[in-house]
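Below, chains carry the letters A, B, ... as their sequence lines are ordered, and counting in each starts from 1. We use all heavy atoms of the structure for the numbers below, so side chains are in, but hydrogens, waters and symmetry mates are not. Please read all numbers here as calculations on a predicted model, not as lab measurements.
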Number of protein chains: 2
Amino acid sequence: MMSVDAQPPARVRNAASWLINMVSAHSHRLVGDGFAAAGARGYHYRLLAALDEYGPSSQATLGRHTGIDRSDVVAALNELAEKKLVERAPDPSDRRRNIITLTPDGARHLAKLDDVLAGIQDDLLEPLDPSERAQLTALLTKLADHHAKRSRL
Amino acid sequence: MMSVDAQPPARVRNAASWLINMVSAHSHRLVGDGFAAAGARGYHYRLLAALDEYGPSSQATLGRHTGIDRSDVVAALNELAEKKLVERAPDPSDRRRNIITLTPDGARHLAKLDDVLAGIQDDLLEPLDPSERAQLTALLTKLADHHAKRSRL
DNA sequence: TATGTATTGTTGGTGACACCAATGTTGGCT
DNA sequence: AGCCAACATTGGTGTCACCAACAATACATA
């Protein structure tokens, strides 16, 4: 039994799909653990980073920049505001909006999370030499750009 | 201060970490949608694939092969068994164990999911030419292998 | 033989991420 | 005015991942 059968068993993984999911899962775990150790989670980082990059924004704008649903933005900002990492103020020029501002504490926290992420990146890419890392980054950028364009339709 | 501040705004994404997460999220969404359309989810595919690759197994073994927690294996197998894609039988030689077997229907379903996955892969890798796809696969394989080895400690 | 340890299946609970529907308020347009 | 779009918020759903506890069974060894 199993004479020649031992050949097609590993067909299971459709290469890229499976690989991306494996690496993704690993990266996801590393990031989750790292952020948890820093008392944060992915949504927090994304929001803080968007605030740092684009400056004070409304919650809806933050949602668009981070790809986080409006409702989830509310919850995450509640948590960030409670820790004084972010400030919520009504927009005088449009009373529907809240203007969210990064506090100095928030900026410091973001810097810490950046460090965490850098460490994770090293861990994740450990088996790759610099040239390979550049290759991977280039390929992933291509995919990410393509996906971003498509999702903007 | 901060005059030259306009430079480091896009520093936000620590390249690979961020990119992998973006691509991973996109892939995750595609896979989730694709599986949902086929009336399945990730756990189902993983379990069916493991059964196909390793043959009839106990639930604990399935969990180890797929990286799914024992408790989640139970739930997913309940769903698969209800759809007759899998059979649960007590192991006579060890009354703690259940032996899970892939049914012909299950094998057919797995084949369908493999097709779904292949389609997703094409969609995901659309912007890459064959040589680039090979590169990406090679790099991801390196990462996945490295991770697999590490998690086996 | 008895006792302790490990494994197995199972139940139940938690958290993160992603998404959707409904609501009330406000802005803008015609 | 009236209508429609955008905003913040609440609450709910589903998937993935993980953990703790339990009873039953197997195994080792004292």
**Asked** Taking the side chain from A:E132 and the backbone from A:D129, do they hold a donor-acceptor pair closer than 3.5 Å?
**Response** yes

Winner on side-chain proximity to B:R46, out of D:dA26, D:dC16, D:dA5, is D:dC16

What's A:G32 touching, base or sugar-phosphate or nothing? Going by heavy atoms closer than 4.0 Å. nothing

Short N/O separations, protein against nucleotides 10-13 of chain D, under 3.5 angstrom:
unit_1: D:dG11; atom_1: O6; unit_2: A:S71; atom_2: OG; d: 3.2

Contacted region of DNA chain C by chain A, from 5' end to 3' end of the hits, cut-off under 4.0 Å to heavy atoms, spans C:dA16 to C:dG27

B:I68 atom CD1 is separated from D:dC19 atom P, nearest whole Å, by 15 Å

Rounded to whole Å, the CG-C1' distance (A:D91 to D:dA8) equals 13 Å

A:L62 CG to D:dA8 C1', in whole Å, measures 12 Å

> With no hydrogens and no angle check, is any side-chain donor or acceptor of A:S58 less than 3.5 Å from a backbone partner on A:I99?
Replying inline: no

Donor-acceptor contact present, side-chain B:S27 to main-chain B:V23, <3.5 Å: no

Checking the side chain of A:R70 only, and the main-chain atoms of A:A60 only, is there a donor and an acceptor separated by less than 3.5 Å?
no

Separation of D:dT9 atom C1' from A:R97 atom CZ, nearest Å, is 16 Å

CG of B:N98 to CG of B:D91, rounded to nearest 0.5 Å, is 8.5 Å

B:Q135 atom CD, neighbour heavy-atom count above 12 within 6.0 Å: yes

Under a 3.5 Å cutoff, is there a donor and acceptor pairing between the side chains of B:R88 and B:Q59?
yes

When rounded to whole Å, the CG to P distance for the pair B:D33 and D:dT15 reads 12 Å

- Taking only the side-chain nitrogens and oxygens of B:R41, find out if one of them lies under 4.0 Å from OP1 or OP2 of D:dG14. no

Ranking A:A60 and B:G67 by the position along DNA chain D of their nearest nucleotide, the one closer to 5' is A:A60

Residue pair A:R96/A:H44 against DNA chain C: nearer the 5' end by closest nucleotide is A:H44

Whole-Å distance, B:F35 CZ to D:dT15 C1', equals 13 Å

Between CG of A:L77 and P of D:dC7 the distance, given in whole Å, is 14 Å

From CZ of B:R64 across to C1' of D:dC18 the rounded distance in Å is 17 Å

One should read off an interatomic distance between A:T61 OG1 and A:Y54 OH, to the nearest 0.5 angstrom, of 11.0 Å

Between A:L110 and the options A:L85, A:L47, A:D52, A:D115, the side chain to side chain contact (heavy atoms under 4.5 Å, CB included) test singles out A:D52

